[in-house]
Amino acid sequence: MTDVMHSLAYQHGKPSATGRLKAQPEHFFVSETLDFTPAGHGEHFLVRIRKIGENTKYVANELAKACGVKSRDVSWAGLKDRHAVTEQWFSVHLPGQDDPDLTEFVDTHEGVDAILETTRHDKKLRPGDLIGNRFSLVITDFSGDAAIDARLGNIRDKGVPNYFGSQRFGRNGNNVVSAREWGQDKFRVRDKSKRSFYLSAARSYMFNQVLSARIEQGMTHTPMRGDMLIDNTEHLKLVLDTDKATELLEKGHWLISGPMTGDNALPTEADARKFEQNIIDQEPDLLAVIRSNRMRHDRRALMLFPQEMEWTCEKDTLTVSFSLPAGSFATAVMREVIEESMDEEFDAHSDQ
């Protein structure tokens with residue numbers, strides 16, 4: 001199976017510029033932003049770590065050893081890519097204990113660059129405790145697009161498709177392949193992590209297909225009868241009047257949503273439901289997996305708007321920085337900037 005991203009439509013047309021993203025880990029920098037202010041007290045020791053070339057779970061396990069606790073006592077708010085420089089928070093459950101001295105932790109772990117901050121909180125970190133991430137990306141060997149300023153301006157002002165990136169689907173889309181085979185009863189999946197990967201890939205793949213089809217129809221900013229709008233707090237609104245819905249979209253507080261398919265009926269109605277159902281029905285094996293696992297339907301915004309977006313271009317190097325909400329992929333932005341820029345292995349996202 002080829003890269004599942006290659007066939008998807010582009011919002012701003014296929015880019016003519018080329019370049020290389022993540023020639024070095026230092027070329028992909030991401031920093032987490034929590035959605036709360038730590039209390040400054042409590043049973044949970046919070047530590048913000050800058051790491052280079054190490055994955056989240058490895059650092060968490062090593063942090064547990066350094067603090068004298070079990071791995072299950074260390075948690076995080078979002079997984080981060082290994083092939084990058086990342087600043088992320090971990091929490092360690094240390095009831096009744098003093099803050100640990102982590103000086104040697106930095107010295108003895110090559111991939112741990114620095115302890116940036118420590119504090120206390122009354123709750124452990126959980127997935128979803130992020131409001132978003134700040135990215136700074138360096139594209140080397142950049143060439144081929146004299147109008148890059150105009151293109152980046154359009155991306156900033158008009159947004160990009162809120163695609164799930166290649167990382168969600170595994171190398172060469174193998175997680176989608178496995179999900180289809182699972183749906184065909186070719187094998188059973190008992191491992192919980194694999195089940196999660198395959199289910200996530202199945203839902204994300206179908207979302208991407210619906211989004212791509214709407215781009216091809218020029219309908220990412222134009223509501224259909226029966227669409228579901230979504231705001232930044234994930235409240236939903238059914239479109240009964242497309243003119244009124246268009247007014248809401250123009251004010252910028254609402255976006256059109258797409259399906260994170262579940263075993264229950266689509267919440268959309270009329271034209272929107274027919275449009276989405278026609279695409280979902282083309283993947284009976286993926287749908288079978290989702291239904292057999294009783295996944296509940298959810299919605300996700302079709303468009304993604306990078307915030308605080310800045311860029312500089314010098315000779316053959318383009319540097320782009322922006323902030324994204326949690327659950328969005330930085331590579332969804334860069335896909336609209338340069339062609340063939342990322343190896344699947346190096347895909348990173350503003351995690352969940």
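One is the number of the first residue; the rest follow in order along the sequence.
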Checklist entry - Within 45° of the axis and under 6.0 Å from the centre of the six-membered ring of Phe207, does NZ or CZ of Arg168 qualify? => result no
Next on the checklist: In the structure I gave you, are the side-chain heavy atoms of Ile230 and Leu236 within less than 4.5 Å of one another anywhere?
Outcome noted: yes
Checklist entry - Any side-chain heavy-atom pair from Pro259 and Val210 closer than 4.5 angstrom? => result yes
Item to check | Nearest non-hydrogen partners of Thr119 and Pro38, listed with the distance | outcome: CG2-CB, 3.5 Å
Item to check | Any Leu286 side-chain heavy atom under 4.5 Å of Ile280 side chain | outcome: no
Item to check | Under 3.5 Å side-chain donor-acceptor pair for Thr261 and Arg203 | outcome: no
Less than 3.5 Å apart, which donor and acceptor atoms pair up between the side chains of residues 40-47 and the rest of the protein, not counting sequence neighbours?
from: Glu43; atom 1: OE1; to: His93; atom 2: NE2; distance (Å): 2.8

Checklist entry - When Ile, Leu, Val, Met, Phe, Trp and Tyr are grouped by side-chain heavy atoms lying under 4.5 Å apart, directly or through other members, which residues fall in the same group as Ile52? => result Phe29, Val85
Checklist entry - Linking Ile, Leu, Val, Met, Phe, Trp and Tyr by side-chain heavy atoms under 4.5 Å, what else ends up with Val138? => result none
Item to check | Exceeds 12 heavy-atom contacts within 6.0 angstrom, atom CG of Asp98 | outcome: no
Next on the checklist: Can you tell me how the ring of Phe169 sits relative to the ring of Tyr205, calling it parallel under 30°, perpendicular over 60° and tilted otherwise?
Outcome noted: perpendicular
Item to check | Thr242 versus Arg225, side-chain donor and acceptor atoms under 3.5 Å | outcome: no
Checklist entry - Of all heavy-atom pairs between Leu130 and Ala326, which one has the smallest distance, and what is that distance? => result O-CB, 3.5 Å
